[in-house]
Amino acid sequence: MGYFEQALLAALLIGALSGLVGTLVVLRQRTFFAQALTHATFPGAVGAAILGVSIPLGAAVASVLIVGIMTMIGRVKRQGNQVASGILLTAGFALGVLLQGLNPSLPVKVDSYLVGSILTVTTRDVTLVTIVLAFAVLTIVVLGKQIMFSTFDVNGFRAAGYREWPIELLTLVLITATVVTAMPAVGAILAIALIAAPAAAARLVSRTTSQMFVIAPVLGAVSGVIGVLLSRSLDVAAGPSIALTAAAFFLLALVARRLVGTARVPQETDARQPARTSLRLKS
C-alpha cells in the first residue's frame with residue numbers, strides 16, 4: 001500500500017472514529033473539554049520526544065494527568081468543568097510551546113503538531129486507530145442504552161441504582177483515545193473540528209440518537225476522504241482540508257434543516273385550517 005492510499009485509509013478510519021465518539025461529545029456537552037484536551041496534550045508529545053518514546057504514548061499519558069487535574073479543579077467550590085477546561089487549554093499548550101522552545105532540535109514542531117500530517121502516518125498509526133474504533137463501536141453496542149440513560153436523565157439513572165462515574169469515566173477515555181489517535185493526522189487544533197462538526201451535522205438531520213450514531217461516523221469518514229483528495233488536488237495541507245470539509249457538512253446540514261423547516265410551516269398551517277373552520281361551523 002502506497003503512502004497516499006494509506007493516508008486515505010487513515011482518514012477514513014479517523015473520520016469514522018471522530019464522528020462516532022463526537023456524538024457522545026455533543027450529546028453529553030463535552031465539546032469544550034475535548035478542545036482543551038487537544039491543546040493540553042501538547043506538552044506530553046514534547047516530553048515524549050525529549051525522552052525518545054512514542055509521541056502518541058506521551059500524549060496519552062498527558063491526557064490522563066489532564067483529566068485528573070480537571071476533575072480536581074472541577075470539584076473546587078465555585079468552580080466547574082468549564083473553568084478547569086479553560087485553564088488547562090491555555091496553560092497546557094503554553095507549557096508545550098515552552099518545552100519545544102527550550103529544545104529547538106526536537107523533531108516535534110509547533111506548526112506540524114497543530115495541523116497534523118496525514119501523509120506521513122505509519123502502519124502503526126492506522127492499527128492504533130482501528131483498535132480504538134473497534135473499542136468505541138463495541139462500547140456503543142454493549143453500553144449504548146446505559147450511556148444514553150445517563151446522558152438524558154441523570155437523576156433517573158441514579159434513582160435506578162446505577163453509578164454515574166463509570167459511564168463518565170468511560171466517555172472520557174473514549175474522547176481521550178480519539179483525540180490522541182486523530183492528532184497525527186489532523187493536528188491538535190483541527191482535531192476538535194473533526195470530532196464536533198460531523199456529530200453536530202448529524203444531530204441536525206437525525207430524528208433519533210440511534211440515527212446520529214450512524215450518520216455522524218459516515219459524515220466523518222467522508223470528510224476525511226474528501227479532505228485528503230482536496231489536499232492533493234489543491235496542493236494544501238490535509239488537516240485544514242479535512243476540518244473545512246467537516247465544517248462544510250455542518251453548514252449544509254444547517255441550511256437543509258432551515259429549508260425543510262420553512263417548507264413544513266405552510267403545510268402545517270393548511271392542515272390545521274379545515275379543522276378550525278369546521279369547529280366554527282359547528283359552534
Side-chain angles (χ1 to χ4, degrees), residues 6-26 30-42 44-45 48 54-64 66-67 89 92-93 96 108 111-137 139 171-200 216-228 231 237-247 249-250:
Q6 186 163 267
L8 284 175
L9 178 59
L12 179 71
L13 295 174
I14 292 174
L17 172 62
S18 299
L20 182 62
V21 177
T23 302
L24 294 177
V25 172
V26 170
R30 294 292 185 271
T31 305
F32 195 51
F33 167 80
Q35 182 181 8
L37 198 61
T38 57
H39 289 64
T41 51
F42 184 43
S54 172
I55 290 179
L57 177 61
V61 173
S63 299
V64 174
I66 289 165
V67 170
L89 188 153
F93 189 74
V108 180
D111 53 351
S112 63
Y113 192 85
L114 291 178
V115 299
S117 180
I118 199 169
L119 296 178
T120 60
V121 295
T122 63
T123 304
R124 183 176 59 182
D125 296 329
V126 175
T127 302
L128 178 61
V129 176
T130 304
I131 294 173
V132 176
L133 177 58
F135 175 70
V137 172
T139 300
T171 303
L172 296 181
V173 168
L174 287 175
I175 296 173
T176 301
T178 302
V179 168
V180 171
T181 53
M183 279 183 181
V186 295
I189 287 182
L190 303 177
I192 187 61
L194 192 57
I195 291 173
V218 172
L219 290 179
V222 173
S223 298
V225 172
I226 292 178
V228 173
S231 70
S241 298
I242 294 173
L244 287 174
T245 303
F249 275 120
F250 171 74

For S223 versus L194, what's the shortest heavy-atom pair and its separation?
CB-CD1, 4.3 Å
Taking all non-hydrogen atoms of both residues, which atom of A11 and which atom of I118 are closest, and how far apart?
CB-CD1, 3.6 Å
4.5 Å side-chain heavy-atom contact, V64 and T176:
no
CD on Q6 to CG on D125, rounded to 0.5 Å:
8.0 Å
Out of curiosity, L13 CG to I131 CD1, how far, rounded to the nearest 0.5 Å?
11.5 Å
Check whether any side-chain heavy atom of F250 sits under 4.5 Å from a side-chain heavy atom of L219, and report yes or no.
no
Heavy atoms of A16 and L133 approach each other most closely as C-CD1, 4.3 Å
Go through the structure and list residues passing side-chain contact (heavy atoms from CB on, under 4.5 Å) with I192, not counting sequence neighbours.
T31, A34, Q35
Give the table of side-chain donor-acceptor pairs shorter than 3.5 Å for residues 240-247, with sequence neighbours excluded, one pair per line with atom names and distance.
unit_1: S241; atom_1: OG; unit_2: A237; atom_2: O; d: 3.1
unit_1: T245; atom_1: OG1; unit_2: S241; atom_2: O; d: 2.7

May I have the step-by-step check of side-chain contact (heavy atoms from CB on, under 4.5 Å) for I175 and L24, ending in yes or no?
CA-CA 8 Å; I175 296 173; L24 294 177; 5.8 Å; no
Using the rule given for side-chain contact (heavy atoms from CB on, under 4.5 Å), can you reason through L12 versus L8, listing the C-alpha separation, both sets of side-chain angles and the distance that settles it, and then say yes or no?
CA-CA 6 Å; L12 179 71; L8 284 175; over 6 Å; no
Sub-3.5 Å donor-acceptor pair from the side chain of S18 to the main-chain atoms of G15, do we have one?
no
Test side chain to side chain contact (heavy atoms under 4.5 Å, CB included), reference I195, set I14, L17, L20, V25, output is V25
What heavy-atom pair brings T181 and T178 nearest, and what distance separates the two atoms?
OG1-O, 3.1 Å
Walk me through whether V222 and F249 qualify under side-chain contact (heavy atoms from CB on, under 4.5 Å).
CA-CA 10 Å; V222 173; F249 275 120; 3.7 Å; yes
On a heavy-atom basis, which atom in V26 and which in A196 lie closest, and how many Å separate them?
CG2-O, 4.1 Å
On a heavy-atom basis, which atom in A191 and which in A182 lie closest, and how many Å separate them?
CB-CB, 4.4 Å
